[in-house]
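For reference, the structure is listed below as structure tokens.
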Number of protein chains: 2
Amino acid sequence: MSKSDLPRPTDSELSILRVLWRRGPSTVREVLEEMAPGTGYTTVLKFLQIMAEKGLVRRDESRRTHVYRPAASREETQRKLTGDLIKRAFNGSAKSLVLQALSGTKASAEDLAEIRRLLDEIETKKAKR
Amino acid sequence: MSKSDLPRPTDSELSILRVLWRRGPSTVREVLEEMAPGTGYTTVLKFLQIMAEKGLVRRDESRRTHVYRPAASREETQRKLTGDLIKRAFNGSAKSLVLQALSGTKASAEDLAEIRRLLDEIETKKAKR
DNA sequence: TTGACATTACGAATTTCTTCGTAGTTACTG
DNA sequence: CAGTAACTACGAAGAAATTCGTAATGTCAA
């Protein structure tokens, strides 16, 4: 099963993935401790089990206490979600999304500079071809 | 109820909204004709009814055949969805999303130019303050 | 007016999402 | 070794999403 076959994570699943990306491989309890207070242990456990079924996380069962890690990196997932949003809400235009994100937010001067740098890089690469 | 209270549209709902944004106020049948072939009439009808309940669309019942229109503009919805994604998958960093969208796609030279133009505009505005 | 037809309303069936309770299992502690 | 603590497995329950079938109703032509 290729990575692109992974389903889009739901909101709840994403909040768990965020923890795993930040912490690296983790047990249920470790994830739980970083979740919103009031979250139940078995709720997190169940999600991780479901996510393992879906292929969103891998499970190491070699020890008594299972250890979960993300199946896809944060970047891969971000890419997938972004591409998805572009297709679903922006008629496939990445440009539209970028313009929307830029206008709808207050990015710092450094952020803008970094974006310019990436633009330069892309255009340089494009020119070289 | 303020616009920001509108729920995030599901995938199916979004595909209907896309039609409404393109066509403007439409009947069930008109929407149906622009949906993927094989879609059932009552399926579209039901979605529009649910969406009306949720506030995602407004319904004009003055005529026998009801006419539906989006409650929020394409831009507003795009803004909401983008902000949502930034929060859920990019730790609140719009910059990250922009960089991801830019690197993960092949934007045309004009697209890039347009983005630069917007960057200029933003920085000009920022400088004026 | 009476069909024929299009439309809306209603609700049912199925799937997924979300949350938790409970039961069973393993490991440690006194 | 008994008891407790922690963990996994299982399933249930409610809400939402998705898709349609069927019934009820209004419209218009013959």
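Lettering of chains follows the sequences in order, A, B, ..., and the numbering in each one begins at 1.
Summarising the geometry of B:Arg58 relative to B:Ala71, their closest heavy-atom pair is NE-CB, 3.8 Å, with the distance given to 0.1 Å. B:Ala101 approaches A:Ala94 most closely through the heavy-atom pair O-CB, 4.4 Å.
Just one of A:Thr10, A:Val57, A:Leu48, A:Leu32 meets the side chain to side chain contact (heavy atoms under 4.5 Å, CB included) condition when paired with A:Ile16; it is A:Leu48.
Rounding to whole angstrom units, CZ of residue B:Arg8 and P of D:dA16 are separated by 14 Å. When rounded to the nearest whole Å, the span between CZ of A:Phe47 and P of C:dT16 equals 15 Å. Spacing between atom CG of B:Leu45 and atom C1' of D:dG21 amounts to 13 Å, rounded to whole angstrom units. To the nearest angstrom, C1' of D:dA17 lies 13 Å from CG of B:Leu56. Here D:dC20 presents its P atom at 15 Å from CG of B:Leu48, a figure rounded to the nearest Å. Straight-line distance from the NZ atom of A:Lys46 to the P atom of C:dA23: 16 Å, rounded to whole Å. One atom, CD of A:Glu53, and another, P of D:dT8, lie 16 Å apart when rounded to the nearest Å. Look at CZ on A:Arg59: it is 15 Å from P on D:dC7, rounded to the nearest Å.
Looking at heavy atoms from C-beta onward, A:Leu17 lies in side-chain contact with A:Met51 at the 4.5 angstrom threshold. Under the 4.5 Å side-chain criterion, counting only non-hydrogen atoms from C-beta, A:Tyr68 is in contact with A:Gln49. Side-chain contact between A:Phe90 and B:Thr82 is present, with heavy atoms from C-beta onward closer than 4.5 Å.
A close approach under 4.0 Å does occur between a side-chain nitrogen or oxygen of A:Lys54 and OP1 or OP2 of C:dC17. Look at B:Gln49 and you'll find a side-chain N or O under 4.0 angstrom from OP1 or OP2 of C:dA9. Within the 4.0 Å cut-off from OP1 or OP2 of D:dC20, at least one side-chain nitrogen or oxygen of B:Thr43 is found.
Of all the residues in residues 9-19 of chain B, B:Thr10, B:Ser12 reach under 4.0 Å from DNA chain D with at least one non-hydrogen atom. Within residues 31-40 of chain A, no residue has any heavy atom closer than 4.0 Å to DNA chain D.
A:Trp21 and A:Val67 fall into different hydrophobic clusters, where Ile, Leu, Val, Met, Phe, Trp and Tyr side chains are chained together by heavy-atom contacts under 4.5 Å. Tracing side-chain contacts under 4.5 Å through hydrophobic residues (I, L, V, M, F, W, Y), one never reaches A:Ile50 starting from A:Leu45; they form parts of separate clusters.
Each end of the helix from C:dT1-D:dA30 to C:dG30-D:dC1 gets its own rotation axis from five pairs of C1' atoms, and the angle between them is 20° to the nearest 10 degrees.
Taking the charged nitrogens against the carboxylate oxygens, A:Asp84 and A:Arg8 do have a contact shorter than 4.0 Å, which makes a salt bridge. Salt-bridge annotation for B:Lys54 and B:Glu13: present, with a side-chain N of the basic residue lying under 4.0 Å from a carboxylate O of the acidic one. Between A:Arg69 and A:Asp60 no salt bridge is recorded (no basic side-chain N to carboxylate O distance below 4.0 Å). Classification of A:Arg116 and B:Glu123 as a salt-bridged pair holds, one side-chain N sitting under 4.0 Å from a carboxylate O.
At a cut-off of 3.5 Å, with distance as the only test, a side-chain donor of B:Arg23 or B:Ser26 sits close to an acceptor on the other residue. Inspection of the A:Ser93 and A:Asn91 side chains reveals no N or O donor paired with an N or O acceptor under 3.5 Å.
Atom CD of B:Glu33 is separated from atom OG1 of B:Thr39 by 12.0 Å, given to the nearest 0.5 angstrom. A distance of 11.0 Å separates CZ in B:Arg18 from CZ in B:Arg74, rounded to the nearest 0.5 Å.
As judged by a 4.0 angstrom heavy-atom cut-off over every strand, A:Arg63 is placed among residues making no nucleic acid contact.
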Distances for protein N or O near nucleotides 28-30 of chain D N or O, under 3.5 Å:
none

N/O to N/O distances under 3.5 Å, protein versus nucleotides 4-6 of chain D:
from, atom 1, to, atom 2, distance (Å)
D:dA6, N3, A:Arg64, NH2, 3.0

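Among residues two or more places apart in sequence or in another chain, the side-chain hydrogen bond (donor to acceptor under 3.5 Å, both in side chains) test is passed with B:Arg79 by A:Gln100.
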